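Every chain is numbered from 1 and lettered A, B, ... according to where its sequence line falls, protein lines coming before strand lines. What you see is a predicted model; the values in this text were computed from it and never measured.
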Amino acid sequence: MSVVVRMAPSPTGFPHIGLVHTALFNWLFARHEGGEFRLRIENTDTSREVEEATQQIQDSLSWLGLDWDGDVTFQLDRMERCKEEAHRLLEEGKAYEDEGAIRVRMPDEGVTVWDDLIRGRIEYPNEKLEDLVLVRGDGRPTYNFASPIEDWLDGITHVLRGEDHISNTPKQIRILEALGAPLPAYGHVANILGADGKKLSKRHGATSVEEFRAQGYIPEALVNFLALLGWSYDDKTTVMSRDELVERFTLERVGASPAVFDFAKLEWLNGVHLRALPPDEYADRLVAYLREQGYEWDEELIRRAAPLVQEKIATLGEFPQFAGFLFARPAQAEPVDMPEVAEALEPVEPFTSERIEAALRGFAEQHGLKPREAFQPIRLAVTGSKISPGLFESLELLGKEETLARVGRGSGRGGASGSSAR
RNA sequence: GCCCCCAUCGACUAGCGGCCCAGGUCGCCACCCUUUCAAGGUGGUAGCGCGGGUUCGAAUCCCGCUGGGGGCACCA
């Protein structure tokens with residue numbers, strides 16, 4: 001039997017990172033097994049529905065590269081079928097009416113047991129199972145009725161979901177049994193926690209894919225990082241591509257304990273994946289990111305600056321802070337005047353990093369200054385910061401005219417070669 | 001309150017009875033490299049929650065405790 005899994009979010013906004021985490025496990029499992037990964041929107045509760053959410057969910061998955069099979073389906077579309085099934089249960093005496101609603105009869109002795117894909121055997125006492133409502137008084141099916149029915153209709157073979165669903169599983173198993181439907185295998189993935197051990201939420205920082213994207217994280221890193229939360233390949237492998245993850249992912253190696261989301265490690269991993277990109281690809285990503293964020297800086301200059309920052313920044317979001325001086329003259333607290341530096345740079349022709357370096361090293365030597373002592377003031381004057389990309393390369397990109405202007409010669413004219421930010 | 005789940009360095013984890021006086025990665029610290037910052041290199045810091053068993057032998061199996069998480073709707 002081939003594997004069919006699904007992600008079944010309710011459309012209430014941008015998907016939370018926890019949801020994306022279980023979606024990733026479902027996707028990796030499906031792709032590893034050569035099965036199908038479906039996307040179903042559980043919109044039974046129309047009152048909570050957010051109109052853009054369905055699109056936002058798809059955008060987040062697409063950006064991460066988690067492609068789904070077939071069309072997106074909606075729970076609401078199966079309302080009628082659910083009602084029919086409920087009435088069938090009514091006729092068979094497996095359900096009964098209660099103030100306009102339809103409830104199933106749950107056993108009240110014994111236990112409901114399943115062999116959880118990642119936790120092993122789980123037992124749930126039947127006396128804790130209520131005769132839950134299948135169809136509300138207004139005719140709408142409830143989640144715990146519609147969801148298993150859809151799993152059945154869609155031929156879902158493995159239900160991999162968050163651990164907060166553990167207590168729903170025995171209910172759904174009983175419902176499926178009453179329906180005479182086959183049971184899928186169930187597996188419950190642990191939650192993702194914040195640094196304080198509480199379920200990851202807004203106050204811990206970014207919680208949606210969109211936010212990470214806006215901060216300059218790339219999908220390769222996020223996917224790699226999320227995969228390592230509750231899963232491992234072996235005792236020494238950390239950095240993996242999407243293809244490697246697909247090839248190596250197995251449910252047997254998924255852990256049952258919750259994991260704390262470590263933003264520092266994500267940032268490191270993002271730097272690793274960013275540095276691993278071919279230069280052209282890196283430049284493409286940088287340009288696309290800056291455009292998305294609303295920067296209208298000159299594309300050619302961004303591309304030329306890309307190699308200067310690739311080794312130095314861990315997220316694309318650091319670029320404006322780190323290399324913004326190339327696009328707009330930095331504000332200086334004190335007016336800059338370095339005539340001797342200007343004098344050393346003036347004759348450099350062509351104005352390339354090699355020649356600039358030679359000139360500035362000569363300048364340092366001439367004044368008996370250590371490289372650091374000589375270069376740091378220049379860096380500050382030109383970039384407005386004590387931290388910057390390589391000085392000589394930066395000056396080359398800036399051009400002689402602008403460089404001289406920034407060290408005090410011929411100042412007062414316009415901005416840098418690019419247009420201003422934002 | 002009741003039910004369920006979980007428990008190895010600060011964090012992610014390897015470990016599925018002897019290979020472990022516990023390995024890798026992030027972080028942190030030190031040093032090297034160095035025009036700043038990074039990157040890179042080297043070294044270091046730090047952990048099996050507690051108590052009982054089982055066994056020749058337990059991080060690994062069992063029980064209890066403690067701690068943490070989740071769930072108990074005509075929400076999903």
Could you name each residue pair satisfying side-chain hydrogen bond (donor to acceptor under 3.5 Å, both in side chains) that touches residues 15-29 of chain A, not counting sequence neighbours?
-> A/Trp27-A/Asp67

Tell which nucleotide pairs with B/C26, taking only Watson-Crick or G-U wobble pairs whose two distances are both under 3.5 angstrom.
-> B/G10

If we take the C1' atom in both B/A11 and B/C28, what is their distance in whole Å?
-> 12 Å

Between A/Phe261 and A/Asp138, which is nearer to the 5' end of RNA chain B once each is assigned its nearest nucleotide?
-> A/Phe261

Pairs meeting criterion side-chain hydrogen bond (donor to acceptor under 3.5 Å, both in side chains) with involvement of residues 221-236 of chain A, two or more places apart | A/Asn224-A/His273, A/Ser232-A/Arg253, A/Asp234-A/Thr237

What interatomic distance, in whole Å, is found between C1' of B/G15 and the corresponding atom of B/C20?
-> 8 Å

What integer distance in Å separates A/Phe319:CZ from B/A38:C1'?
-> 15 Å

Nearest whole angstrom, please: distance from the C1' of B/A14 to the CH2 of A/Trp231.
-> 13 Å

Taking only the side-chain nitrogens and oxygens of A/Ser388, find out if one of them lies under 4.0 Å from OP1 or OP2 of B/C37.
-> no

Give every pair of a protein N or O atom and an N or O atom of nucleotides 3-10 of chain B that lie under 3.5 Å apart, one pair per line with the distance.
unit_1, atom_1, unit_2, atom_2, d
B/C5, O2', A/Arg119, NH1, 2.1

Could you give the distance separating B/A14 and B/G71 at their P atoms, to the nearest angstrom?
-> 25 Å

A/Lys198 side chain N/O closer than 4.0 Å to the phosphate oxygens (OP1, OP2) of B/G69?
-> yes

Interatomic distance, A/Asp116 CG vs B/G70 C1' [rounded to whole Å] | 14 Å

Between B/U8 and B/C2 - P atom distance, rounded Å | 26 Å

Could you work out the separation of B/U34 and B/C12 based on their P atoms and round it to a whole Å?
-> 38 Å

Length of the line joining A/Asn144:CG and B/A73:P, which is rounded to integer Å = 11 Å

Nearest-nucleotide comparison on RNA chain B, the residue closer to the 5′ end among A/Gly230 and A/Thr142 | A/Gly230

Interatomic distance at C1', B/A7 relative to B/G64, whole Å | 15 Å

Strand contacts (RNA chain B) in residues 263-273 of chain A, 4.0 angstrom heavy-atom criterion = A/Ala264, A/Lys265, A/Trp268

Filtered N/O pairs between nucleotides 63-67 of chain B and protein, under 3.5 Å:
none

Below 4.0 angstrom from OP1 or OP2 of B/C74, is there any side-chain N or O of A/Arg103?
-> yes

B/G27 and B/U42, which share atom name P, separated by this distance in whole Å | 15 Å

Send over the distance from A/Asn191 CG to B/G68 C1', rounded to a whole Å.
-> 12 Å

Polar atoms only, N or O, under 3.5 Å: list the protein pairs with nucleotides 33-35 of chain B and their distances.
unit_1, atom_1, unit_2, atom_2, d
B/U35, OP1, A/Arg361, NH2, 2.9
B/U35, O2', A/Arg379, NH2, 3.2
B/U35, O2, A/Arg379, NH2, 2.5

Step-by-step side chain to side chain donor-acceptor pair (under 3.5 Å) determination, A/Asp131 to A/Tyr96 | CA-CA 9 Å; A/Asp131 285 355; A/Tyr96 60 92; 2.8 Å; yes

Answer whether the closest heavy-atom distance between the side chains of A/Ile149 and A/Glu85 falls below 4.5 Å.
-> yes

Of the candidates B/C37, B/A39, B/C74, the side chain of A/Glu99 sits closest to B/C74

